[in-house]
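The residues of the chain are indexed from 1 along the displayed sequence. Because the structure is a prediction, the values reported are computed rather than measured. In each ligand, atom 1 is the first atom listed, and ligand 1 is the first ligand listed.
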Amino acid sequence: MEEKVKSDLKKIFGFSQFRGNQEPIVDNLLKKRNTFVIMPTGAGKSLCYQLPAIVSEGTAVVISPLIALMKNQVDQLNAIGINAHFLNSTLSKSESNRVKSEVLKKKTKLLYVAPESLTKDENVAFLKEAQISFVAIDEAHCISEWGHDFRPEYRRIKSIVAQIAPNLPIIALTATATPKVQQDIQRNLQMEEADLFKSSFNRPNLFYEVRAKVKNDSKKHLIKFIKSHKGKSGIIYCLSRKKVEEIANLLKVNQINAAPYHAGLESAVRIKNQDDFLNEELDVIVATIAFGMGIDKPDVRYVIHYDVPKSLEGYYQETGRAGRDGLEGHCLMFYRYEDIVKLDKFNKDKAVTERENAKLLLQEMAAYAETGVCRRKFILNYFGETMEEDCGFCDNCKRDRETYEGMDLALTALEA
Ligand code: ADP
Ligand code: MG
């Protein structure tokens, strides 16, 4: 790799070295090879395309599924002096024209594009005229119906990219590729030949635990758990807005410094609660899964799922927000089978295949919750990794039948 690239890492991003696979990935993309990156959340995927974009001629097109995330990244790049823009439905006609003329003047290094905008004829025509260095597809699991976040427009990306220019290098990035999702992505993007860079998904500093969810008992356990982590930051995930409000209130009346976060709150309130959490004014945020994407708080000490998530990928993502600083993070889930049944019912109006997919994901989730084997083994296995030894750092590994809080999932199953 050229020295310039390494010096830009320091000069522009302020990082003294590459992390994990970043260096070979950057190198590979700069050689104009198709590149497939599977790396856990928080590992530093953005840099894998941002740095090559900056040192390449022309503009890199970055496809990203969330408008908020897009804006966030562009703001961050602008703040370090990089010319970056986005094209999405929030721009007025004249704003998007301004962005396009910047790109055509070859000033823009990164152009973030929403998948919906990419597929518009006028934008395809514009991109054909521009000098594009490569295309980055962030959150590439959105391509797959087997993933937890399927976005139909993502499946059209490949044909659009082929129209923009022949042989444009593609880098696809995701944090959530089970072997099945991975295959699906590669097939859809016609990049079976791409060089694959897959990092381990093991997060050795996270402790995984599942407790039976028994009506009022679990609320007591929740409060007790939070109080035993006084002054520490934690996230509690609930399935519905109503449940978020209920649990947030329950915590408040128990003198816990908590606030809710969900899409039904006024945006000013939502932003304030998020900021308060990031600035340590709040210890606990009780949230739906609307909270967390792109949030980078290093010292979250625990993530609690008060309701069972819809997939193990989702669970892994959400728990991944704990312990980013490398120190211990506790991932606790309250589980009862009825919650799985409830979630399955929510899907009853969906198309048949979609419903079946969702059901399989749920069954996998239930299997995780009910398993007696090492939880880390189970999770890593789901992501296609094998682990020889038990981890020794999850409830199943640590369980000592006498001291474990007297709750056994089997018992609850009987009660249910
Ligand atoms: P991902 O997209 O994989 O979830 P991000 O690209 O958002 O992760 O990066 C997560 C964090 O890691 C960011 O705060 C980023 O600044 C930081 N980071 C990325 N690469 C490096 C590096 N080489 N050295 C130090 N910090 C890094
Ligand atoms: Mg990312």
> Taking atom types as modelled, is there a side-chain donor on Thr41 or Gln317 under 3.5 Å from an acceptor on the other?
Replying inline: yes

> What protein heavy atom sits nearest atom 16 (O) of ligand 1, and how far off is it?
Replying inline: Phe15 CZ, 3.2 Å

>> Could you identify the single nearest non-hydrogen protein atom to atom 20 (N) of ligand 1 and state the distance to 0.1 Å?
In response: Gln22 NE2, 2.9 Å

> If you count the atoms of ligand 1 from 1 in the order shown, which ones are under 4.0 Å from a heavy atom of Thr41?
Replying inline: 4 (O)

> Among protein heavy atoms, which lies nearest atom 23 (N) of ligand 1, and at what distance?
Replying inline: Gln17 O, 2.9 Å

>> Which residue is it: Lys11, Lys6, Lys10? I am looking for the one with a salt bridge (charged side-chain N to carboxylate O under 4.0 Å, His left out) to Asp8.
In response: Lys11

>> Give the atom numbers and elements of ligand 1 that come within less than 4.0 Å of a heavy atom of Pro40.
In response: 3 (O)

> Would Asn72 and Gln76 count as having a side-chain donor-acceptor pair, cut-off 3.5 Å?
Replying inline: yes

> How far is atom 12 (O) of ligand 1 from its nearest protein heavy atom, and which residue and atom name does that atom have?
Replying inline: Arg19 NH1, 3.2 Å

> Where is the nearest protein heavy atom to atom 11 (C) of ligand 1: which residue, which atom, and how far?
Replying inline: Asp296 OD2, 3.7 Å

>> Checking a contact table here: which protein heavy atom is nearest atom 10 (C) of ligand 1, and how many Å away?
In response: Gly42 O, 3.5 Å

> Any side-chain heavy atom of Lys243 within less than 4.5 Å of one from Glu246?
Replying inline: yes

> Between His262 and Asn273, is any pair of side-chain heavy atoms under 4.5 Å apart?
Replying inline: no

>> Below 30° counts as parallel, above 60° as perpendicular, anything between as tilted: where do the rings of Tyr208 and Tyr315 land?
In response: tilted

> Nearest protein heavy-atom contact for atom 7 (O) of ligand 1: which residue, which atom, what distance?
Replying inline: Ser46 OG, 3.7 Å

> Does any non-hydrogen side-chain atom of Asp307 lie less than 4.5 Å from one of Lys342?
Replying inline: no

> Ala43 heavy atoms, cut-off 4.0 Å: which ligand 1 atoms fall inside?
Replying inline: 3 (O), 8 (O)

> Does NZ or CZ of Lys32 fall inside the cone over Phe134's six-membered ring, less than 6.0 Å from its centre and within 45° of the axis?
Replying inline: no

> Looking only at distance, does Gly44 have an N or O less than 3.5 Å from an N or O of ligand 1?
Replying inline: yes

